[in-house]
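First comes the structure, then the notes that go with it.
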Amino acid sequence: MSCGSVARPRFPDMESQYHHKTVESAAQTHWSEIDAYRSIENDPRFPKGKYYACSMLPYPSGKLHMGHVRNYTINDMLVRYKRMQGYNVLMPMGWDAFGLPAENAAMKAKVAPAAWTYKNIEVMKAQCQALGLAFDWSRELATCDPAYYKWNQWFFLKMLENGLAYRKTQIVNWDPIDQTVLANEQVIDGRGWRSGALVEKREIPGYYLNITKYAEELLDATLHKLPGWSERLRLIQENWIGKSEGVRFAFPHDIKDADGKLVQDGKMYVFTTRADTIMGVTFVAVAPEHPLAIRAGQLNPALAPKIDALKLGGTTEAELALKEKEGVATGLFVTHPLTGEKIEVWVGNYVLITYGDGAVMGVPGHDERDFAFAKKYSLPIKQVVALGTHAFSTDAWQEWYGNKGDGVAVNSGKYDGLKFKDCVDAVAADLAAKGLGEKKTTFRLRDWGISRQRYWGTPIPVIHCHDCGVVPVPEKDLPVVLPEHHIPDGSGSPLKHDAAFINCACPKCGKPARRETDTMDTFVDSAWYYMRYASANAETMVDARNDYWMPMDQYIGGIEHAVLHLLYARFWTKAMRDMGLLNFDEPFKRMTNHGMLLNHIFYTPGSHGAKNYVPPTDVKLTHDEKGHINGGTLDDGTPVLYGGIGKMGKSERNGVDPQDLIDKYGADTARLYVMFVGGPEDAAVWSDTAVEGAMRFLRRVWTYCADRSADIASAGAVDAATLTAEQKATRFELHSALKQSNFDYDRQQYNTVVSASMKMLNALEAVKPGACPALAREGASILLRTLAPVTPHITFKLWSDLGFEKTDGALLDTKWPQPDAAALIQDELKLVLQINGKTRGEIVVPSSADKAAIEAAAAASSEVAKFGEGRAPKKIIVVPGRLVNVVV
RNA sequence: GCCGGGGUGGCGGAAUUGGUAGACGCAGCGGAUUCAAAAUCCGCCGCUAGUGAUAGUGUGCGGGUUCGAGUCCCGCCCUCGGCACCA
């Protein structure tokens, strides 16, 4: 096809202007009519195999927020791209429908959590559809549906049978006025968030899942089997699991309790990773709650309040880092297991009863905390490790004192000269020989307590019988259905007063019994929902379809779930594997943590330093002399103060409602904007004007296509031989941008995919209507396919209006474009010319020029003559296709 | 305090991983079109000096390696996350 310059009439079916509402509703109606996003196992249309991509399921809080839009659009782009490449994709959606917010909302609005939740789901589902997300809704689930949580209960009973679930007492926050258990975040400054009552610690029985059984496997997989997870995420999990290898051993003693029995059988156990420093022990320290501390308080009543005082202060690390090391001497002594020396027992505020045995050996010479403690109370400090020629002094702590890799033992008798590992082995062997200790591995990870004294959750399927004790509900009676009509009033779970729910017959003996009223942690719901999508509506928990789709190829969600949800899901998978329900080890091959969306914060000052937050949309901005936002005014002229940039949220009223965006600009603009604003994993700051820019771009895409619709509909393939030099340059830019875009699609850097598509359009607009129909057609074809995953509606409409559907099939499943290698070859190359590493200009050479020719051209250039100050080139470096550097 | 990201124009960000720093977009400025405005189109746009060609300078700060450093190395500063005084 030749490229003339005959003006052609507009193709009659094309609208000349972009109307997002009609375009989007037409596209969505079409997709829904053909059930475009239903995924079927082993679908023969997709030869490349399955690709399962999933976003963390949302809590149905009312409506979508921008974070959801971003999360789902990333996922949507991915599956649309994969589908066009020939993969059988699955992108399902569901609702994390149980949980505390529904109870709180119910109290406020006097509606049952069930009704509130189902209504929210309806709204949010409609919003997802308005965004054009390619969800397979046939697999939708809500975790509050008995058909779903039945399998929570079923698997819980399996775990109970296997000993993976067990019952023990747990310490909870108890609000004595509301008569209810509080979550940690409901305790503010030690008081209940609603009642203001001082919160008590209560021990009540609850169920635990034995995740620590899998600690070693979880850690090993974290370190070696999750290459698709970020380093950062793996490290967070590694720290959380918290493996430490050391020696657990006892200091013998003859301290007796009030009944005359030896406290802890006369052995005070400690755990240490530094057994090599055992000869440097000058004291031992126990936690204030330790039996020896309690005994010391009994023996010397004057000490008791001082010991109690050591319990004060926060337990978070930030607080602890600032806290001064303090302690109390007990006057009690234990015996050093190797030297037989008497060692005094101190109570220290830096020893935690919850870790290890609640006691530590004090080696002030080689532990920074012990050093600070010893200095404060003038306890002896003894060097037992030497490092090179470093001089040891008790005046101040030095970094190398804590070094355990390079030092050798000194002042340690028979251990002198041993390096860390050998020394630990020798000490451990001697302690073992005396029956006082052994090597041990401890984990920070604790078992997972799943009992909640809450109404809106999965009922724990057990029955309490006066005669038979705790009896599991028989499998045939599952699910234990949660009554949905209650409206909580804040005074504890309504289930406790629901006779119809509570009263039942003991499955064992048939006598009247009481049903358990505790429900499960909602992390149970989210531990395996992604597998239920894969085997939607199965008659069993999961079926063979799960083995087709899982493990998941790509999981996307916020970093706030880096620990709990992801760890529980991994544990749950391994537990299911060990019960023969599936045959893989890890659920998520690749994990992406999308960044937060931020926005500016504005407020007017209230009384007592309170801040009355103002939505940014109400503010007319003011800027300082450097152009930075420094405040603004309201419509009535009231000045507002600038509160910086923060996460979008209700509390600071700086959220953006996606619905407003969809209504005003359309889903495609909203999608394009959230993809363009930054990389998927980066935090992004909201900008209203940038949204307008996204809209502008789509209008230009439409105009480009509309103005050339007749060209595009009638043209054939490009014949490179007939192109003008200018058209060749345009085609070079088009295919270069395509090459970049494909590269960025593969590495999931979607912001530069958008900019590549903008570059394409910028280049293509140079081809005026009628000037070269073939190039206009090729350009539209590449541009529309590149943009299809980002803005599916407008591209769908243009693709079919321009007639591409007839030649290349539906856009959803058409072939992904590849750059034409011939178009990327230029006749001449511009090379950057550097002299002594400084850029001084450029030289133009034929693209066929070899190294010698380039060197000659560079040496002959006027720039070398000018900047070389007459010296002859010493060395010329040629970087093919990029630059040439002349050293003189 | 420890560990891990990250500091690039007025702003969001790019630089295919050692090869023209600032792509692409937003904002701004100048112009065209318009009775006018919106929309649209064209041009300029790191900083300093200069009317200008141009020169110098520039990726948090200070050093280093290299023909060449935003990118690699050493030492700081700031910032955002994660956390366990974990013995």
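The figures that follow rest on heavy atoms only: side chains count, while hydrogens, waters and symmetry mates do not. Residue numbers begin at 1 in each chain, while the letters A, B, ... track the order of the sequences.
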With heavy atoms under 4.0 Å as the rule, sort [X] into base, sugar-phosphate or nothing.
X	answer
A/Arg747	base
A/Asn836	sugar-phosphate
A/Asn751	sugar-phosphate
A/Arg840	sugar-phosphate
A/Val677	sugar-phosphate
A/Ala683	sugar-phosphate
A/Glu326	nothing
A/Asp744	nothing
A/Lys838	sugar-phosphate
A/Gly693	sugar-phosphate

Among the nucleotides [options], which one has an atom lying closest to any side-chain atom of [X]?
X	options	result
A/Leu883	B/G4, B/C67, B/G19	B/G19
A/Arg882	B/G12, B/U20, B/U16	B/U20
A/Ser244	B/A87, B/G68, B/C85	B/A87
A/Ser755	B/A23, B/A87, B/U20	B/A23
A/Lys759	B/C26, B/C67, B/A23	B/A23
A/Arg369	B/A87, B/G19, B/U40	B/A87
A/Met758	B/C67, B/A87, B/C24	B/C24
A/Thr752	B/A23, B/U40, B/G68	B/A23
A/Trp240	B/U40, B/C83, B/A87	B/C83
A/Ile236	B/G82, B/G19, B/A39	B/G82

Thinking salt bridges, do A/Glu238 and A/Arg234 make one under a 4.0 Å N-O criterion? no
In terms of side-chain heavy atoms, does [X] have a donor or acceptor partner in [Y] at a distance below 3.5 Å?
X	Y	answer
A/Asp820	A/His735	no
A/Gln818	A/Lys739	no
A/Glu368	A/Tyr401	no
A/Trp686	A/Asn654	no
A/Arg700	A/Asn762	yes

Check if the side chain of A/Lys325 and the base of B/C85 share a donor-acceptor pair of N or O atoms closer than 3.5 Å. yes
Could you tell me whether the side chain of A/Gln834 has a donor or acceptor atom within less than 3.5 Å of a complementary atom in the base of B/G19? yes
Can you tell me the pairing partner of [N] across any strand shown, Watson-Crick or G-U wobble, with both distances under 3.5 angstrom?
N	result
B/A36	none
B/A55	B/U48
B/G62	B/C74
B/A14	none
B/G4	B/C80
B/G30	B/C42

Hey, is B/U17 sitting syn or anti, using the within-90° cutoff around 0? syn
With syn defined as a glycosidic angle within 90 degrees of 0 and anti as anything else, the base of B/G9 is syn
I want to check one thing: is the phosphate of B/U17, taken as OP1 and OP2, less than 4.0 Å away from some side-chain N or O of A/Gln749? no
Which residue lies more 5' along RNA chain B, comparing A/Thr839 with A/Gly242 via nearest heavy atoms: A/Thr839
Result for 5'-nearest mapping on RNA chain B, choosing between A/Ala694 and A/Leu235, is A/Leu235
Name the pairs: protein N/O against N/O of nucleotides 30-33 of chain B, kept only if under 3.5 Å.
none

Side-chain contact, heavy-atom cut-off 4.5 Å: A/Leu598 with A/Met648? no
With the side chain counted from C-beta on, respond yes when A/Leu738 and A/Thr786 share a heavy-atom pair under 4.5 Å apart, and no when they do not. yes
Got a donor-acceptor contact below 3.5 angstrom from the A/Asp668 side chain to the A/Ile794 backbone? yes
Does A/Arg570 qualify as a cation-pi partner of A/Trp229, given the criterion of NZ or CZ under 6.0 Å from the six-membered ring centre and within 45 degrees of its axis? yes
Pick the C1' atom in B/U57 and in B/U65, then give their distance to the nearest Å. 23 Å
